[in-house]
Amino acid sequence: MNYNFREIEAKWHKKWAEEGTYKVTEDGDKEKFYVLDMFPYPSGAGLHVGHPLGYIASDVIARYKTHLGYNVLHPMGYDSFGLPAEQYAIQTGQHPAITTEENISRYRQQLEKLGFNYDWSREVRTSSPEYYKWTQWIFIQLYNSWYNEKTNKAESIDALVKAFETNGSYAVDAAIEKEWYKTLDLSQFAFGEYFAGEFTATDWEVMNDEQRELILAHYRLAFLSDTWVNWCEELGTVLANDEIKDGLSERGGHPVEQRLMKQWSLRITAYADRLINDLEKLDWPDSIKEIQRNWIGKSRGASVSFTLENYNDKIEVFTTRPDTIFGVTFMVLAPEHPLVAKITTANNKDEINAYVKQAMARSERDRQSDVKTVTGAFTGAYAKHPFSGDLIPVWIADYVLAGYGTGAIMAVPSGDQRDLHFAGTFDLPVVNIFEGIELTKEAYSEKTGKLQNSGFLSGMTVEKATEEVIRELEAKGIGYGKTNYRLRDAIFSRQRYWGEPFPVYYENGKPKLLSESELPLTLPKVDKYLPTESGEPPLARARREDWPIFKGDAMECNTMPGWAGSSWYFLRYMDPNNKNALVAPEKVDYWGAVDLYMGGAEHATGHLLYSRFWTKFLSDRGVIPFDEPFKKMVNQGMILGRSSIVYRLELNSYMIPGLDDDPNLPSPKSFPEIFVTREIYLDWEKDQKVNEFKYNVEHRLGTLLHELLPEEFQMDLSNTFWEYTFSALHVDVSIVHNDELDIPAFRKWRIDYEDAVFILNENEKYKCGHEIEKMSKRWFNVVTPDSLCEEYGADTLRMYEMFLGPVEQSKPWDTQGISGVHNFLRKFWRLFYNEKGEFDVSEGQASKAAMKTLHKTIKKITEDLERLSWNTVVSACMIAVNELITEKCNNKKVLETMLILVSPYAPHFAEELWEKLGNSTSISKAPWPKYDEAWLKDSEFDYPVSFNGKMRFKLSLSTELSKEEVEKAVLETEDAAKYLEGKSPKKVIVVPKRIVNIVV
RNA sequence: GCCCGGAUGGUGGAAUAGGUAGACACGCAGGACUUAAAAUCCUGUGACCAUUGCGGUCGUGCGGGUUCAAUUCCCGCUCCGGGUACCA
């Protein structure tokens, strides 16, 4: 009987579902193992063969761990809020929930075909109200929390209120904007304009609730503020920094500009330090850790205040090189800096205004692409150097970013290339503060050497001077040591429809939160999924009665970003249907953090950072018992498409001597499309074998002309002159087999190709070229798992994807190669059958050779799975089967054990034969075999014998021999004598059971 | 520019502790079976030289080094991929 994969796979899908084979429950007797796949967004395009790569790898590990006796949680669900469904809704008016539902069911079907051991009863989707109820709940917790710098934890707002009641703000050390009180409307408060952020318990006591709330709002981890945001006009929404690439939106590539808008933000910056430090405990790829480190961008330095001449205001700057302070010869403010308007002198007003206007008009992208040109303008104001007292001019320039540090810098042209460049352009002075360094065009930014021209810092090293100057700044009260982060607070509002509504309403313009019992706040009905005429988000279209709950004067009309739901989904899988809690404590205690996370590296600065942030927050607030979500992570590489190319001949003109001017000659445009085989194209491209290819082509063109030309022109065509080139076009890979074009299918593919003419190779075949590029509809190179399951079966596909190479590497897809794996399964299958096609296995003891093969394979596969080397396991299986065929082994015990070994890769195949062997329980529950060293012991070892490191011959010797005995045995051979050529060896190295090397 | 990865036959890749480079597959070539094709099976397949046989030389991006021995360790480059980019 043949290996009928279609029947087998359908049978087991049904059986597994009916019997609930992969259902998991919390089982305290077993050790848990949590394997997680990166949350897919169910796109309309469905899956191509690249998508399941990580899912297969994790499924193999999940199954392997189950065999080892672990209780394995391996769930799947969907990140189902998002832009594409909404864009589709805008175009068609169809509710995004409908599209989403369709896409999910398509995904589910595709995934089910592959035979994953997901516990589907735990499936979650972020867009279902039962799920986003808890996303909203987490938002409420964030809103009701502040970050205590003393305990280095998020704590409840109630605790903060208690602290204020006892000691006012004095004993509180919170993560909060440095000058938060400046944005406070002080007219509402009793303490008047002297208020500098600190208040007493009495102050607090006399405040009314509204006043208190105004203050508390600045402490909350979820807060409303006017922020410079990345506004994308085309998408009608703001974008987070990680949603922008090269100044354009990641989705769609639309331009992005800076805008000041009132937005909900999350205080991720409070966690910056922990997010960096805890990377050390994670077993993640170094590259991802490095990307996160750079993204958070921790830098140490000092904050320094410069007093302004003639104004009370100060300019505060952040610098990583406070030691270079004596090199400051000017200061630069960002054009958006609040002091610019105030300090600009009358004489400079016009120039400054013009510059600010121009800088604001430039998009982020323009600014970036034009780094070389230095622009700026002088404000006319001067600051005072804190040590020398010298007056230093204050400039504005757009190379200083409003959003980083304080939006102002102290410029040290001798130590910073940009500052030197600026000084050069505007003819500003340069003081060389580095001993023994020649300043020419390059600033000196190394941290070695000694300082000069630096007052009390002269003669010191960078390290010493940094220490000294910070001490001095702190003593004078004009600065302090400071750590700065590149990471910004996370903007949490999106002007979209298809996302989680905020559990927020407004009363007198002040935000109020719904109570937990009112959750979930579901999405209201709207007439269109577009912004309103006045530019408000789509939710503003909902009328009062469209909202399930309407409170206050207005509901919040923004929705949460895509990463809200995906930041905590791994928790919900533990307890997907819990109505009373995000996850029950006993369940989260049992399952704990994810042990193995498979996913792409593209989420390094988005999802992976936000998940870590939320996990830390939930841990701080006692909701979960761990503070890192994913202990170990493996990034799967991309599977690239292998596009097929056909070569079209572009006939520009031709000329028949004597007839060339006749207007009745058919023009090249009336010719059918002409395609040449790859060989001819390559000849043309390389300009080789010119004659041969020319003959091929022009002979063919001549024939064509014969067919097309009216009788009266049928004269001597042999002297026709042709002018042509070729163009390479993509062709659908489904009509190309083994690089050979299926011509009838090609003619049907496009209407214009119906009458196409083909110039073939010497074997009368049309060979296509190929190109490795991203798998995409656009290149007609998409290969779907569905078509491969149909042709070869899921088990073959699973094994082949693993066989391609290390999962973390990107590699091209080659459908050809799949036959090797398919063949392997068929050979394996045949081991269970005799020549007559009857199922036939033998009982009793297997041969020594078969036992050796088996135990060697158990050892190899176990070790490879432990080090997550998925691809080499497949090779090991192939080697084993090849050996068992040679050994003519049909021993039941051996084959049964072999089935367990392949079952993580080919579960349907293994189940079927396992059942045929008489087992009644699923193979997925069978214990993993252990290898027995006794079968692996060799009495002989085939020593490779090298002379000067070059292997010359092999010699089989007993493994019992000592080094000396091996040496003696080798030197006694005729072969050795031959290579020694009568000389005596200088040295003989013997590594037992490895190698013999003779130095001559 | 800066940071991080990578480079092995025609192709995907293997070599886990410095110890036989190219396992296992694909592809290709030849053969068997067949009226024929498909399927299957067998043989060969890094390059070059030799070929009647034995065999020999080179070879893991390039150049050097350490070592009895280097795809593996060290130094200096080249190219490719990813991240980031006026971050003070």
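Labels below follow one simple rule: chain letters A, B, ... track the order of the sequence lines, proteins then strands, and each chain is numbered from 1. All figures in this text were calculated on a predicted structure; none of them were measured in a lab.
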Checking A/W284 now: which residues fulfil ring pair (Phe, Tyr, Trp, His ring centres under 6.0 Å) with it, not counting sequence neighbours?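 Ring pair (Phe, Tyr, Trp, His ring centres under 6.0 Å) list for A/W284, sorted by chain: empty.
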Rounded to whole Å, how long is the line connecting atom [atom1] of [X] with atom [atom2] of [N]?
X: A/H421; N: B/G1; atom1: NE2; atom2: P; answer: 17 Å
X: A/F953; N: B/U20; atom1: CZ; atom2: P; answer: 16 Å
X: A/Y800; N: B/C24; atom1: OH; atom2: C1'; answer: 13 Å
X: A/I989; N: B/A69; atom1: CD1; atom2: C1'; answer: 7 Å
X: A/F306; N: B/A88; atom1: CZ; atom2: P; answer: 16 Å
X: A/Y792; N: B/A39; atom1: OH; atom2: C1'; answer: 13 Å
X: A/E602; N: B/G83; atom1: CD; atom2: P; answer: 10 Å

Please write out each protein N/O paired with an N/O of nucleotides 41-49 of chain B under 3.5 Å, distance rounded to 0.1 Å.
none

Using the [atom1] atom in both, what is the distance from [N] to [M], to the nearest Å?
N: B/C49; M: B/A38; atom1: P; answer: 34 Å
N: B/G76; M: B/C4; atom1: P; answer: 13 Å
N: B/A50; M: B/G27; atom1: P; answer: 32 Å
N: B/A21; M: B/A70; atom1: C1'; answer: 11 Å
N: B/A15; M: B/G22; atom1: C1'; answer: 9 Å

Shortest side-chain distance from [X], nucleotide among [options]:
X: A/W295; options: B/A23, B/G19, B/U84; value: B/U84
X: A/I879; options: B/A69, B/C26, B/A23; value: B/A23
X: A/E290; options: B/U20, B/C86, B/C3; value: B/C3
X: A/M951; options: B/U20, B/C68, B/C4; value: B/U20
X: A/N882; options: B/A25, B/C68, B/C26; value: B/A25
X: A/P944; options: B/U20, B/A39, B/C3; value: B/U20

Nearest heavy atoms of [X] and [Y], plus distance in Å:
X: A/F5; Y: A/Y792; result: CE1-C, 3.4 Å
X: A/M633; Y: A/P285; result: O-CD, 3.3 Å
X: A/G376; Y: A/F426; result: N-CZ, 3.6 Å

For a quick test of reading the model: is some side-chain N or O of A/R486 closer than 4.0 Å to OP1 or OP2 of B/A85?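 Yes.
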Phosphate-side-chain proximity, A/Q816 and B/G27, N/O vs OP1/OP2 below 4.0 Å: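 So the side chain of A/Q816 is within the cut-off, an N or O lying under 4.0 Å from OP1 or OP2 of B/G27.
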Heavy-atom nearest nucleotide on RNA chain B for A/E863 versus A/A408: which residue maps closer to 5'?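 This one resolves to A/E863.
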Judged by each residue's nearest nucleotide on RNA chain B, which is more toward the 5′ side, A/G949 or A/S875?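 That would be A/S875.
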Go through the steps for A/V945 and A/K954 under the test side chain to side chain contact (heavy atoms under 4.5 Å, CB included), then give the verdict. CA-CA 6 Å; A/V945 181; A/K954 286 186 186 172; over 6 Å; no
For the side chain of [X] and the backbone of [Y], is there at least one donor-acceptor N/O pair under 3.5 Å apart?
X: A/N635; Y: A/G599; result: yes
X: A/H48; Y: A/G641; result: no
X: A/N997; Y: A/I989; result: no
X: A/D489; Y: A/I268; result: yes

Considering only nitrogen or oxygen atoms on both sides, find all protein atoms under 3.5 Å from nucleotides 5-15 of chain B and state each distance.
| from | atom 1 | to | atom 2 | distance (Å) |
| --- | --- | --- | --- | --- |
| B/G12 | O2' | A/L804 | O | 2.5 |
| B/G13 | OP1 | A/Q809 | OE1 | 3.4 |
| B/G13 | O3' | A/N871 | ND2 | 3.4 |
| B/A14 | OP1 | A/N871 | ND2 | 2.8 |
| B/A15 | OP1 | A/R867 | NH2 | 3.4 |

Do A/Y3 and A/Y833 pass the side chain to side chain contact (heavy atoms under 4.5 Å, CB included) test, and can you show the C-alpha distance, the side-chain angles, and the key distance before you say yes or no? CA-CA 11 Å; A/Y3 167 42; A/Y833 289 83; over 6 Å; no
Basic-acidic side-chain contact under 4.0 Å: A/D283, A/K289: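 Answer for the salt bridge query: no.
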What contact category does [X] fall into here, base, sugar-phosphate, or nothing, at under 4.0 angstrom with non-hydrogen atoms?
X: A/S299; result: sugar-phosphate
X: A/I291; result: sugar-phosphate
X: A/V991; result: base
X: A/R826; result: sugar-phosphate

Heavy-atom count around A/K856 NZ within 6.0 Å, excluding the residue itself: above 12?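 Buried by this count: over 12 neighbours within 6.0 Å.
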Atom CZ of A/R300 with >12 non-hydrogen neighbours under 6.0 angstrom: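 Check fails, neighbour count at 12 or below.
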Residues that A/H337 engages under side chain to side chain donor-acceptor pair (under 3.5 Å), provided they are two or more places apart: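 Checked A/H337 against side chain to side chain donor-acceptor pair (under 3.5 Å); zero matches.
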Checking understanding here: a glycosidic angle within 90° of 0 is syn, the rest anti, so what is B/G82?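 B/G82: anti glycosidic orientation.
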Assigned glycosidic conformation for B/A7 [threshold 90° from 0]: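 Here the answer is anti: the torsion falls beyond 90° from 0.
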Please produce a list of atom pairs where a protein N or O lies less than 3.5 Å from an N or O of nucleotides 56-61 of chain B.
| from | atom 1 | to | atom 2 | distance (Å) |
| --- | --- | --- | --- | --- |
| B/G56 | OP1 | A/Y979 | OH | 3.1 |
| B/U57 | OP2 | A/R952 | NH1 | 3.4 |

When you check the side-chain N and O atoms of A/D742 and A/Y766, is any donor under 3.5 Å from an acceptor?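 No, no side-chain donor-acceptor pair sits under 3.5 Å.
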Which dot-bracket string fits RNA chain B when only Watson-Crick or G-U wobble pairs with both atom distances under 3.5 Å count, crossing pairs get [ ], and | stands for a partner on a different strand? (((((((..(((......[....)))((((((.......))))))((((.....))))..(((((..]....))))))))))))....
Apply salt bridge (Lys or Arg N to Asp or Glu O under 4.0 Å) to A/K963 and A/E967, showing your working. CA-CA 6 Å; A/K963 275 191 186 185; A/E967 181 176 336; over 6 Å; no
